[in-house]
Colleague: 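Got a structure for you, questions after.
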Amino acid sequence: MPDQVSQKPKMKQMNMIQAINSALDVKMSQDPDVLVFGEDVGYFGGVFRCTAGLQEKHGLHRCFDAPISEGGIVGTAVGMGAFGLRPVVEIQFADYIYPAFDQICSEAARLRYRSNGDFTAPITIRSPMGGGIHGGTSHSQSPEALFTHIAGIKTVIPSNPYDAKGLLIKAIEDNDPVVFFEPKRLYNGPFSGDPHSPAKNWGGHELGLVPEGHYTIDFEKARIHRAGNDLTILCYGTMVWVAEAAVEATGVDAEIIDLRSLSPLDLDAIVKSVTKTGRCLILHEATRTSGFGAELIAEVQQHCFYALEKPIVRVTGWDTPYPHALEWEYFPGLERCSVAINRIMED
Amino acid sequence: MVAHKTSRKNISNLHVPEPLNRPGATPDFSDLHMPDLVSDKTHTLPRPIPLVDAFETEQLASGLVRVLTLDGRAKGPWDPKLDADTLRLGLRNMMLTRSVDKRMFIIQRQGKASFYMKSLGEEAIAVASAMALKDTDMVFPSYRQQGLLLTRGYPLRDLMCQVLSNSGDKLEGKAIPICYSSREKAFYSIGASLGTQMSHAVGWAMACAYKGTDGVSCAFTGEGATAEGDFHYALTFSSTYRAPAIINIVNNQWAISSFQGIAAGESKTFAYRGLGFGLASLRIDGNDFLAVYAAIKWAAERARTGGGATVIEHFTYRKEGHSTSDDPSKYRAKDEPNAWPLGDPVDRLKRHLVLMGEWDDERHEALEKELDTYVLKIYKEAESFGTLTTQTGINPATMFEKVYEDMPEHLRRQRQELGI
């Protein structure tokens, strides 16, 4: 499972917050050009605590609070990146990334191209995404497809502490801008998609066992979360765990692929699996129309058309804003995913 | 508040500002907080030490810092007292910029380039800034500061090849004409989204401070784009982190067809906005080479010695259209460019040198001719690399390069799909 771990790493049980914190700490310790800033990330350590202790350990100049100005946060990060620093900025909620959208799409993503490599923006934009925490319209969104549409940036979404740390270190070391979405429902533990079952934490979980030091995970490689023969489930972030629960509930021998990175995308892993199973289910929490599922469907039908035994199905959030009171009617949870699996498995 | 006459009716209570000088009008600049140009009052504005408390620059932000009088004398505490050689170099750089603009405009009209933007009337701002800064201070230009590149000795042929988007273009035709980039000349890549470079400049300046260099960043925006959020981000962040940045607002009165009042609203001056952020702020005569030089020197010293950013409004006038795609006769009075009361930057510096006994009409004409000949010669070299309308000579495979550091699989597949 570990992709590029240095030999015999010292392991530690971490939740996703601690894993992200550890990634930042490792890079800040290694590279004086790495600095962290964003709203409330400094003294306080971030509203989700991902930057806790970093200012105290590395200094005020390495981890500091920024004005409530997402466009300014990303804009100044682009300038620092052009200079040669490796800023890692936090946008407090993905729902608040839109003021920075122009800076990400027109500047960070374009700088290398338009200057023909003269200037680059090696920046990482971290942002908690997704629902399941009663966040309503303004603290639950999954805007990943807006970013996968933009040439020049990478879009990465981990589903567990181990991946979160390895992918974040990779993002920081990457010489291109990376949008790094953290499914906030997974910060403290995996989530089955059933809000009534007791909450789990990462304690004792295999993927919560994280090397203390430096390691990276390549973006180009999807992770086979569960190997199987009869159905391929393509998912990422929170939906990996919902898929796992739904597969368990339905007893189908499904292969769950955790994409980890949407751009770049590991198309080979997808094609290999769907060619084997002949059935494909796509899950995402984001709204359906023009969601990333549409891209996956297009690729799968193009590359696996003759292997397909059933139409490709997607289970997603509805095309509505994320409701507050009706969160679980909106969320593509255990029940909806199970129904979809059973239907796609009908002969 | 001035109620302007306009030919268009407004039957509501909604205030929509209009300029004085629409087509057919006799140019009138009485609404522009213009100084008394006849007396030398504006030449007596004090020059405080660069580390002055920002709020003490208030009269400099509402007034107009000037050095050159219209009859060519250098006056007042802001006189940088440059020697004749430096002044002649400034004149030459401005005239070179003007000559290049003239040639590129012609070749666009000949259909050899898709687009161009002249800086006629604004040459002092870029040229004097480049001369007052260190060559290593990163400039973050808008699209009308080609004088920065030319002053810093960027190869003219490279500049022209960029405009022609030909095989000599260092950017391999990826960017539209005038969106130059040169890290070597500390000239930041020009995008075309307005104002976005302002926060990059502040980030760069923060990085200079973080790394302990004495570098300064120097950004330029037009007055129109001060309405963008990015302008306010830049002011906020440079104020918060005391970034060693110079934030220049080139107020050339026109944002394509929108007069400055559309962005200014009821603001006193554009420079005045800086004061609200606690930044030192100056409003200067942008057609006055010496004033620009002195102001940039002052701001650079303030930034380098830990005083943080300065906002400088360069009060100037865009004598030509916005770009080769624009026709200003459709929206402003025909005589406005020549009636601009602060004159022309080249004429004014020339007059000053003549008055000093360091220049004359003959030498001026000879230099003009020399530069035109040189520019034409270099242009012919540039054209030999192709033009957009004949053959660019750019390998189509390069389209897929430099999107990322390494080409991802999906781009490799798309390149194959194109058959290359």
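Lettering follows sequence order; numbering is per chain, from 1.
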Colleague: Side chain, backbone, both or neither: which part of A:Asp266 has a non-hydrogen atom closer than 4.5 Å to chain B?
Modeller: neither
Colleague: Which bit of B:Ile190 is near chain A, if near means a heavy-atom gap under 4.5 Å: side chain, backbone, both or neither?
Modeller: backbone
Colleague: I'd like to verify something: which residue of A:Ala109, A:Ser115, A:Pro87 has the highest number of heavy-atom pairs under 4.5 Å with chain B?
Modeller: A:Ser115
Colleague: Counting heavy-atom pairs under 4.5 Å with chain B, which one of A:Pro32, A:Gly71, A:Gly81 comes out on top?
Modeller: A:Gly71
Colleague: With a sphere of 6.0 Å drawn around CD1 of A:Ile68, does it hold more than 12 non-hydrogen atoms of other residues, nucleotides or ligands?
Modeller: no
Colleague: Of all of A:Lys154, A:Glu299, A:Glu220, which one pairs up most often with chain B through heavy atoms under 4.5 Å apart?
Modeller: A:Lys154
Colleague: Is it the backbone or the side chain of B:Met138 that comes under 4.5 Å from a heavy atom of chain A, or both, or neither?
Modeller: side chain
Colleague: Please flag which part of A:Ala151 lies under 4.5 Å from any non-hydrogen atom of chain B: side chain, backbone, both or neither.
Modeller: both
Colleague: So, the side chain of A:Arg114 versus the backbone of B:Ser189: is there a donor-acceptor pair under 3.5 Å, distance only?
Modeller: yes
Colleague: Would one find more than 12 heavy atoms of other residues, nucleotides or ligands at under 6.0 Å from atom CZ of B:Arg242?
Modeller: no
Colleague: Where does A:Ile150 contact chain B at under 4.5 Å (heavy atoms): side chain, backbone, both or neither?
Modeller: backbone
Colleague: Does one side chain, of A:Asn116 or B:Glu401, offer a donor that lies under 3.5 Å from an acceptor on the other?
Modeller: no
Colleague: Assess whether atom CD of A:Glu56 is packed by more than 12 heavy atoms of other residues, nucleotides or ligands within 6.0 Å.
Modeller: no
Colleague: Can you measure from NZ (B:Lys402) to CG (A:Asp176) and round to the nearest 0.5 angstrom?
Modeller: 12.0 Å
Colleague: Give, as side chain, backbone, both or neither, the part of A:Ile73 having an atom under 4.5 angstrom from any heavy atom of chain B.
Modeller: both
Colleague: Can the ring centroids of A:Phe83 and B:Tyr210 be said to lie less than 6.0 angstrom from one another?
Modeller: no
Colleague: If the threshold is 4.0 Å, N to carboxylate O, is there a salt bridge linking A:Asp118 and B:Lys170?
Modeller: no
Colleague: Do B:Val403 and A:Arg112 make a side-chain contact, defined as non-hydrogen atoms from C-beta onward lying under 4.5 Å apart?
Modeller: no
Colleague: Locate the shortest heavy-atom distance separating B:Tyr241 from A:Ala66; write the atom from each residue and the value.
Modeller: OH-CA, 3.1 Å
Colleague: Is it the case that atom CD in B:Glu184 sees more than 12 heavy atoms from other parts of the structure closer than 6.0 Å?
Modeller: no
Colleague: With only heavy atoms counted, which part of B:Tyr404 is less than 4.5 Å from chain A, the side chain, the backbone, both or neither?
Modeller: both
Colleague: Under 4.5 Å from any heavy atom of chain A, what part of B:Glu409 do you find: side chain, backbone, both or neither?
Modeller: neither
Colleague: By a 4.5 Å heavy-atom criterion (distance strictly below it), what part of B:Thr240 contacts chain A: side chain, backbone, both, or neither?
Modeller: side chain
Colleague: With a 4.5 angstrom heavy-atom cut-off, which part of A:Phe219 approaches chain B: side chain, backbone, both or neither?
Modeller: neither
Colleague: Closest heavy-atom contact between B:Tyr233 and A:Ser69?
Modeller: CD2-OG, 3.2 Å
Colleague: Could you have a look at A:Thr120, A:Val78, A:Asp174 and say which one has the most heavy-atom pairs with chain B under 4.5 angstrom?
Modeller: A:Val78
Colleague: Search all heavy atoms of B:Tyr188 against all heavy atoms of A:Ala82 and return the closest pair with its distance.
Modeller: CE1-CB, 3.8 Å
Colleague: Heavy-atom pairs under 4.5 Å with chain B - which of A:Asp268, A:Leu35, A:Leu265 has more of them than the others?
Modeller: A:Leu35
Colleague: What pair of heavy atoms forms the shortest contact from A:Met80 to B:Gly203, and how long is it?
Modeller: CG-O, 3.2 Å
Colleague: Within a strict 4.5 Å, meaning less than it, do heavy atoms of the A:Leu85 and B:Met206 side chains meet?
Modeller: no
Colleague: Mind checking the OH-NZ spacing from A:Tyr113 to B:Lys174? Nearest 0.5 Å is all I need.
Modeller: 5.0 Å
Colleague: Which atom names give the shortest non-hydrogen contact between B:Ser199 and A:Gly75, and what distance separates them?
Modeller: OG-CA, 3.3 Å
Colleague: Is B:Phe187 close to chain A through its backbone or its side chain, or both, or neither, when contacts mean heavy atoms under 4.5 Å?
Modeller: backbone
Colleague: Could you check whether atom NE2 of B:His410 has more than 12 heavy atoms from other residues, nucleotides or ligands sitting under 6.0 Å from it?
Modeller: yes
Colleague: With heavy-atom distances below 4.5 Å as the criterion, would you say the side chains of B:His200 and A:Phe119 are in contact?
Modeller: no
